[in-house]
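Encoded as structure tokens, the structure appears first; notes follow it.
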Amino acid sequence: MMYVTSDENGDCNLSGFEGTDTFLCPDVRDSVIEYLSKQEEVSLPQINSWLRTPPKLTVVRINTYKCSKLEAQKRIEEHLEKANQTYIMKSLPKLDEVLILEKSREFHCQIVPEENEVVVDEACGLAVLRGADVFAPGILSMSPGVPIMSRVSVWSDLDKKCLRGSTGKYKGRKILVGNGVLRVTRDQVFRENVRGVGVFIDQRIFSCPSLDDTKFDGELMLQNLPSVLAVDYLDPQPRERILDMCAAPGGKTMHIASRLKNTGEIFALDKSTSKIGKIMVNAKNQGFTNIKAFAVDSVKTIKEEEGGSAAMLSDSSQSKNEFEEFYALPPFPRESFDRVLLDAPCSALGQRPQFFNKMKMKELRSFPRLQRNLFRTAVSHVKKGGVLVYSTCTLAWDENEGLAEWALQTFPCLRPCIIGDEGKNYRTFGHPLNEDLAEDCIAFFVSKFVKT
């Protein structure tokens, strides 16, 4: 990777990321080194390189409710062939709903930036590194007078200082993420606020496939492999009642719906109204009618009724409509879900790729309290004999193994459910020194409990 900074004369000097830490806070950096080194001794340069590189494998989860694996594979092959992209497609043992795309040639590519520039925000730049094109809303600035279909270089603003719509060449810190063909004009981006592809990327720093899952009619979704496995460990069964407590962006919710074969009920919760709206758009697109989504604080979703849920269940005087209404909206009676997924808000230290991580220790230390509060609520929601799965995408003991240990010490009603090959009820994913290509993924933690 390359990035540009401005010297005291305003000239841009091209240099590498080498020698710069991903984590701007030394204490956070040291905590990550300590956490990863408990698994296998690792150096800071190895961590930096790993976190700034996207996973080599692109994981596609098939919506098996809507299409077969063979049909999805054919559609992907046709899409890649049309885009002149060559990838090896593989299946995963025991995960028949997953296809993996692997580049047949060198993963890391050297490219020379085009003269005309487009600067994008950080989120857009990171998405390009994982295979996306540049969508117009992510564009911050572009060279004036450049006609559509011109070749441009795409740079990501590293410091959030590029003013949207600026005309001059951006001289702040920026990183080259690809070259491509401009598909929009300045007026379309900054005056008309068009959406859609702004730059079609045809030269990438990393050879991740350009696979826009929104173009496949809800038949597939791009997901990180550990996210798919979290639902696999949850093991939802048809006609069950499932709670997804922190559902956005909704990939796991859709996976649960697919596993249920559009039967039963899934309640998807999130604080953000806009995110809940997107979940329901995805549900409609993927053909699911068993998802109910609510914008709510998941910590406050236990209904405290006199007599409790058991009294409600045993009261034969309740009509069917009254019974269904009682359970249909949050807050919910205790122990009213067969399975609960808590993909908790976390410090997200294990996301890949990332440029610079601005997390500070005060913020890092704030997450375990929130996660424990959510977990307490999750335990109340799950029925006796039901399953609770907890997951994060971070590299912090207090949020991962520490929480799993706290849970077993705090709730005598929970027993560990063994997952993986090490006889534990939790599994970690992602490490800079892991040579298993199938585990070249974001950092992730998942743990499983059964309520007795």
Side-chain angles (χ1 to χ4, degrees), residues 1-6 12 15-37 42-55 119-130 132 134 137-141 154-164 166 170-177 205-206 224 246 248-249 271-272 275 343-371 391-400 402 430-432 441-445:
M1 271 196 249
M2 298 177 288
Y3 75 92
V4 166
T5 56
S6 302
C12 292
S15 58
F17 255 140
E18 293 80 6
T20 64
D21 287 346
T22 305
F23 297 99
L24 301 185
C25 173
D27 290 337
V28 173
R29 174 200 65 203
D30 292 345
S31 73
V32 170
I33 296 173
E34 180 182 2
Y35 180 81
L36 287 170
S37 292
V42 64
S43 69
L44 179 58
Q46 289 169 324
I47 294 172
N48 289 331
S49 176
W50 177 63
L51 288 175
R52 286 173 172 155
T53 304
V119 179
V120 300
D121 61 39
E122 183 180 30
C124 182
L126 292 171
V128 169
L129 292 182
R130 290 208 70 169
V134 172
I139 295 176
L140 298 176
S141 72
V154 178
W155 301 78
S156 182
D157 172 22
L158 294 176
D159 298 318
K160 298 183 179 180
K161 292 183 178 179
C162 182
L163 299 178
R164 180 172 169 79
S166 57
Y170 180 55
K171 295 181 179 180
R173 291 198 307 169
K174 57 190 178 184
I175 182 170
L176 178 68
V177 294
I205 302 294
F206 299 105
N224 292 299
C246 302
K271 276 188 172 182
S272 168
K275 290 178 181 178
D343 185 44
C346 69
S347 52
L349 300 178
Q351 286 289 357
R352 297 174 59 203
Q354 52 183 297
F355 298 137
F356 291 102
N357 192 300
K358 303 173 182 65
M359 180 70 63
K360 296 181 179 179
M361 283 304 295
K362 182 178 180 180
E363 183 181 3
L364 180 62
R365 289 171 178 149
S366 70
F367 286 99
R369 180 179 179 182
L370 170 61
Q371 291 154 351
S391 61
T392 73
C393 58
T394 196
L395 297 163
W397 189 88
D398 286 343
E399 300 179 58
N400 295 346
H431 191 282
C441 56
I442 64 169
F444 203 84
F445 175 87

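Note: hydrogens, waters and symmetry copies are ignored here, and every other heavy atom, side chains too, is used. Starting from 1, each residue takes its place in the sequence as its number.
The line from OG of Ser141 to NZ of Lys174 is 7.5 Å long, rounded to the nearest 0.5 Å. Here the CG atom belonging to Leu176 is positioned 4.5 Å from the CD1 atom belonging to Ile205, to the nearest 0.5 angstrom. Rounding to the nearest 0.5 Å gives a distance of 9.0 Å between CZ of Phe356 and CG of Asn48. Put simply, CZ on Phe206 and OG1 on Thr53 are 4.5 Å apart, with the number rounded to the nearest 0.5 Å. Taking CG of Leu395 as the start and CZ of Phe23 as the end, the distance is 6.5 Å to the nearest 0.5 Å. Taking CG of Leu44 as the reference point, atom CD1 of Ile33 lies at 4.5 Å (rounded to 0.5 Å).
For the pair Arg173 and Phe355, the cation does not sit on the ring face, since its NZ or CZ is not both under 6.0 Å from the ring centre and inside 45° of the axis.
Other residues, nucleotides and ligands contribute at most 12 non-hydrogen atoms within 6.0 Å of the NZ atom of Lys271. Summarising the local packing, CZ of Arg365 is surrounded by 12 or fewer heavy atoms from other residues, nucleotides or ligands at distances under 6.0 Å.
Considering only heavy atoms from C-beta on, Val120 stays 4.5 Å or farther from Val128 through its side chain. You'll find the side chain of Cys346 reaches within 4.5 Å of the side chain of Cys393, heavy atoms only. Looking at Met361 and Val28, their side chains come closer than 4.5 Å, going by heavy atoms from C-beta outward. A heavy-atom distance below 4.5 Å is not found between the side chains of Arg29 and Val32.
Minimum heavy-atom separation, Ile442 to Pro55: N-CG, 4.1 Å. The two residues Glu399 and Thr392 come nearest to each other via the heavy atoms O-CG2, 3.7 Å. Counting all heavy atoms, side chain and backbone alike, Gly430 lies closest to Leu36 at O-CD2, 4.2 Å. Listed here is the closest heavy atom pair of Cys246 and Asp343: CB-O, 3.4 Å.
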Check: Where do Ser347 and Thr394 land on the side chain to side chain contact (heavy atoms under 4.5 Å, CB included) test, with the steps shown first?
Finding: CA-CA 6 Å; Ser347 52; Thr394 196; 2.5 Å; yes
Note to self: Please evaluate residues Asp398 and Phe367 with respect to the criterion side chain to side chain contact (heavy atoms under 4.5 Å, CB included), reporting the C-alpha separation (whole Å), side-chain torsions for both, the decisive distance (0.1 Å), and the verdict.
What the structure shows: CA-CA 9 Å; Asp398 286 343; Phe367 286 99; over 6 Å; no
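Asp21 places no side-chain N or O within donor-acceptor distance of the main-chain N or O of Leu24, the cut-off being under 3.5 Å. In this structure, the side chain of Gln354 engages the main chain of Leu349 through a donor-acceptor pair within 3.5 Å. In terms of modelled atom types and a separation under 3.5 Å, the side chain of Gln371 and the main chain of Pro345 share a donor-acceptor contact. Between the Asp157 side chain and the Cys162 main chain, a donor and an acceptor come within less than 3.5 Å of each other. The backbone N or O of Trp50 sits less than 3.5 Å from a side-chain atom of Arg352, completing a donor-acceptor pair. No donor-acceptor pair closer than 3.5 Å links the side chain of Arg52 to the backbone N or O of Pro353. Distance alone, capped at 3.5 Å, places no donor-acceptor pair between the Asp121 side chain and the Leu140 backbone.
Looking at Thr22 and Asn357, their side chains never bring a donor and an acceptor atom within 3.5 Å of each other.
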